[in-house]
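The structure appears right after this line, and notes come after that.
The structure presented is a predicted model; accordingly, all values stated were derived computationally and were not measured. Labels below follow one simple rule: chain letters A, B, ... track the order of the sequence lines, proteins then strands, and each chain is numbered from 1.
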There are 2 protein chains.
Amino acid sequence: MNMSDMIGVLSAKGLKVTPQRLAVLGALVALPNHPTADSIKAYVNEQFPSLALGTVYNILDVFFEKGIVTKVKTDRDFVRYDIEVNGHHHLYCDECDYIENYFDEELDNLLQSYFQRKGIPNFNIRDINLQIVGSYINHNPPKNL
Amino acid sequence: MNMSDMIGVLSAKGLKVTPQRLAVLGALVALPNHPTADSIKAYVNEQFPSLALGTVYNILDVFFEKGIVTKVKTDRDFVRYDIEVNGHHHLYCDECDYIENYFDEELDNLLQSYFQRKGIPNFNIRDINLQIVGSYINHNPPKNL
DNA sequence: TGTTAAATAAGAATAATTCCTATTCGCATG
DNA sequence: CATGCGAATAGGAATTATTCTTATTTAACA
């Protein structure tokens, strides 16, 4: 995603294009492991020292409302952000802090047909999210941890 | 679960049987909707005014370590507790705060055989948890909200 | 019943997140 | 290109779930 792509993302959602928003968007693209607000601030501050943490939260909230990012809750006490908004699942590593996106269309179809057949009494399903917990073999997660 | 059952649960795990622990255990059994530490305290305090919030967290942490409760993370900023420890999934209601346990052995078998066949490269699966998001038809969740 | 390690009460401390307000700035309009 | 306005940002204070600390109390066992 280059600069003009990023400008396009913001203006397509009716958002003013500000350097801060571009910087946060850039950080979301650059940082691979579902960064926290804090790590986004740290990353952006290297090039853009004035960005305030409150503004980072502000921007991330706006992005969340506009569907530019999703939030990933962890077992720890903070939220992590994900620029991927297409439906997907998550791999949680037991032994490190890595959270990896997991896409599996076959699985999605399987689940959809299962619940279409079986249903859940008195409940309309809107979305299904799998938390797949385990560990990387050889404890060797994808790069850029 | 009656009083002697609860005493049995505690001593089976090598825990001292204290009135506070029994009260918290009783609250977990009595409160249906994955209570927070705060609502457990409120419930217990009606009969047992001296129980401190810090002690509630303390007890819940001990219970968690001993496998007596599980923790359920929500989209809000707090943890909710569940006395059910057998593997299960969760229904999250979009429109209210209800979180319901969802047991489905057929689904578990389906998922297990799916991943046994397909696997995930470089990853050992230990547990799979579904977050099923949607809404109750007629917005009519189980009693005791 | 006395001993002791563990549990509790009470409140201070912590940390992620939100709120507040003055200032700045993007951008639409003229 | 200049201007005005509503939105965005900076900085710091406030909030809140949770953890930590310490003195006191208590359950369990000899």
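Rounded to an integer number of Å, the gap from A:L15 CG to D:dA7 C1' is 11 Å. A:D61 places its CG atom 17 Å from the P atom of D:dA7, with the value rounded to the nearest Å. Atom-to-atom, CD1 of B:I40 to P of D:dT18 comes out at 11 Å; the value is rounded to the nearest Å. At whole-Å resolution of the value, CG in A:N45 and P in D:dA10 are 9 Å apart. Atom pair B:F78:CZ and D:dT16:C1' shows a separation of 11 Å (rounding to whole Å applied). C:dC20 atom P lies 13 Å from atom CG of A:N58, rounded to whole Å. Nucleotide C:dT18 holds its P atom 13 Å from the CG atom of A:D38, rounded to whole Å. For the pair A:Y57 OH and C:dA16 P, the interatomic distance rounds to 7 Å; values are reported in whole Å.
Side-chain N/O atoms of B:Q20 include none lying less than 4.0 angstrom from OP1 or OP2 on D:dA27. Taking only side-chain nitrogens and oxygens, A:S50 comes nearer than 4.0 Å to OP1 or OP2 of D:dA10. In this model, the phosphate group of D:dA7 is not approached by any side-chain N or O of A:T18 to a distance below 4.0 Å at OP1 or OP2.
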Anything under 3.5 Å between a donor and an acceptor, one on a side chain of residues 51-59 of chain A, the other on a protein residue two or more places apart or in another chain? List them.
none

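For the atom pair B:D38 CG and B:F78 CZ, the distance stands at 9.5 Å (nearest 0.5 Å).
The aromatic rings of A:F115 and B:Y102 sit tilted, their planes meeting at an angle between 30° and 60°.
Of the two residues near DNA chain D, B:K16 and B:Y81, the one whose nearest nucleotide lies more 5' is B:Y81. For the pair A:G54 and B:V62, both in contact range of DNA chain C, the more 5′-proximal nearest nucleotide belongs to B:V62.
B:L53 comes within contact range of at least one nucleobase, with a heavy-atom separation under 4.0 Å.
Counting non-hydrogen atoms of other residues, nucleotides and ligands closer than 6.0 Å to CD of B:Q47 gives a total of 12 or fewer.
When distances are taken from the side chain of B:P19 to each of D:dA27, C:dT8, D:dT18, the shortest belongs to D:dA27. Closest to the side chain of A:F48, from the set C:dA10, D:dA10, D:dT18, is D:dA10.
Cation-pi geometry between B:K71 and B:Y81 is not met at under 6.0 angstrom from the ring centre and within 45 degrees of the axis.
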